[in-house]
Amino acid sequence: MRAINECKLLDVQCISNTDGSLAVIEGDVQIPFSIKRLFYIFNVNSSAVRGMHANMQSNFAMVCLAGSCKVKLYDGLNESVILLKEPNRALFIPNMIWKEMYEFTDNCVLLVISDCPYNPNEYIRNKDTYAEKNREKE
Ligand code: TYD
């Protein structure tokens with residue numbers, strides 16, 4: 001069974017000087033997978049809840065580049081909520097974790113990095129089905 005304690009907040013390498021900061025994410029260096037895809041979520045209504053699914057294959061790293069949002073993680077037994085608000089922190093979420101993103105601030109830009117191409121067939125969108133499937137996994 002995949003457990004939420006496998007999700008980790010990782011430090012992103014940041015090079016800062018008086019001119020500003022530059023953050024670097026390389027696949028298999030700062031995040032524990034090779035990078036195949038990235039997308040970003042922005043202009044989100046403050047009452048919206050995004051995600052609400054688990055992915056059977058994709059591993060993810062989420063970085064809040066601006067503003068803030070919350071990410072709820074659930075594994076079928078336990079849940080935890082992470083506030084993402086620093087562009088120098090990446091939240092690693094392995095596959096088979098249920099996730100919900102909400103309380104986006106108006107200026108929030110949430111970068112999502114993945115090791116898999118988009119495949120709608122790898123989504124589990126029913127929370128109970130997900131919980132059952134994850135609990136029965138060895
Ligand atoms: P969805 O996964 O529902 O977004 P969220 O988890 O943020 O609520 O995706 C929204 C739409 O975007 C849906 O029509 C599928 C499409 N989409 C792609 O075409 N490619 C992608 O890589 C992703 C993540 C979504």
Side-chain angles (χ1 to χ4, degrees):
M1 176 186 152
R2 185 69 80 197
I4 52 170
N5 63 12
E6 296 173 64
C7 300
K8 304 268 180 239
L9 263 178
L10 307 169
D11 285 324
V12 174
Q13 184 189 354
C14 224
I15 299 136
S16 297
N17 60 30
T18 50
D19 294 332
S21 298
L22 184 152
V24 184
I25 298 178
E26 285 181 82
D28 297 309
V29 181
Q30 287 86 1
I31 55 174
F33 56 77
S34 304
I35 298 170
K36 194 57 153 277
R37 172 172 57 123
L38 64 84
F39 54 95
Y40 40 97
I41 300 168
F42 58 102
N43 278 346
V44 180
N45 194 300
S46 59
S47 61
V49 182
R50 304 204 55 125
M52 311 261 281
H53 50 61
N55 295 72
M56 289 185 282
Q57 271 99 41
S58 298
N59 296 299
F60 292 103
M62 291 184 178
V63 185
C64 195
L65 298 180
S68 68
C69 70
K70 287 181 178 169
V71 184
K72 185 184 283 182
L73 304 165
Y74 172 66
D75 59 17
L77 291 179
N78 299 299
E79 68 175 38
S80 73
V81 174
I82 311 276
L83 174 65
L84 280 184
K85 61 179 165 73
E86 291 145 322
N88 61 339
R89 292 250 192 284
L91 175 61
F92 168 65
I93 308 175
N95 57 32
M96 282 305 277
I97 294 288
W98 183 269
K99 46 209 171 292
E100 300 176 15
M101 295 85 81
Y102 60 105
E103 285 185 26
F104 287 79
T105 57
D106 284 350
N107 60 340
C108 181
V109 181
L110 180 65
L111 172 67
V112 184
I113 305 167
S114 173
D115 60 343
C116 293
Y118 177 63
N119 173 7
N121 299 324
E122 64 137 350
Y123 282 69
I124 306 173
R125 294 189 178 277
N126 180 285
K127 198 172 179 180
D128 294 336
T129 307
Y130 158 73
E132 206 171 306
K133 226 182 166 81
N134 192 40
R135 284 196 300 255
E136 77 195 11
K137 247 174 68 140
E138 293 206 1

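Not measured: the values here are computed from a predicted model. Whatever order the structure lists ligands and atoms in, that order sets their numbers, starting from 1.
Among pairs with a residue in residues 111-127, those fulfilling salt bridge (Lys or Arg N to Asp or Glu O under 4.0 Å) read Glu100-Lys127, at least two apart in sequence or across chains. Listed by first and then second residue, the ring pair (Phe, Tyr, Trp, His ring centres under 6.0 Å) pairs that reach into residues 39-58 are Tyr40-Phe42, His53-Tyr123, sequence neighbours excluded. Sorted by first and then second residue, the pairs that involve residues 87-97 and meet salt bridge (Lys or Arg N to Asp or Glu O under 4.0 Å), not counting sequence neighbours, are Asp11-Arg89, Glu86-Arg89.
Side-chain atoms of Tyr130 do not come within 3.5 Å of backbone N or O of Asn55 as any donor-acceptor pair.
The residue from Gln57, Glu6, Arg2 that alone fulfils the side chain to side chain donor-acceptor pair (under 3.5 Å) condition with Asn95 is Arg2.
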Any protein N or O within less than 3.5 Å of an N or O in ligand 1? List each pair with its distance, or say none.
unit_1: ligand 1; atom_1: 4 (O); unit_2: Arg50; atom_2: NH2; d: 3.4
unit_1: ligand 1; atom_1: 6 (O); unit_2: Gly51; atom_2: N; d: 3.2
unit_1: ligand 1; atom_1: 6 (O); unit_2: His53; atom_2: NE2; d: 2.9
unit_1: ligand 1; atom_1: 7 (O); unit_2: Arg50; atom_2: NE; d: 2.8
unit_1: ligand 1; atom_1: 7 (O); unit_2: Arg50; atom_2: NH2; d: 3.1
unit_1: ligand 1; atom_1: 8 (O); unit_2: Arg50; atom_2: NE; d: 3.4
unit_1: ligand 1; atom_1: 8 (O); unit_2: Gly51; atom_2: N; d: 3.0
unit_1: ligand 1; atom_1: 22 (O); unit_2: Arg37; atom_2: NH1; d: 2.5

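In the displayed structure, Asp106 atom CG is contacted under 6.0 Å by at most 12 heavy atoms of other residues, nucleotides or ligands.
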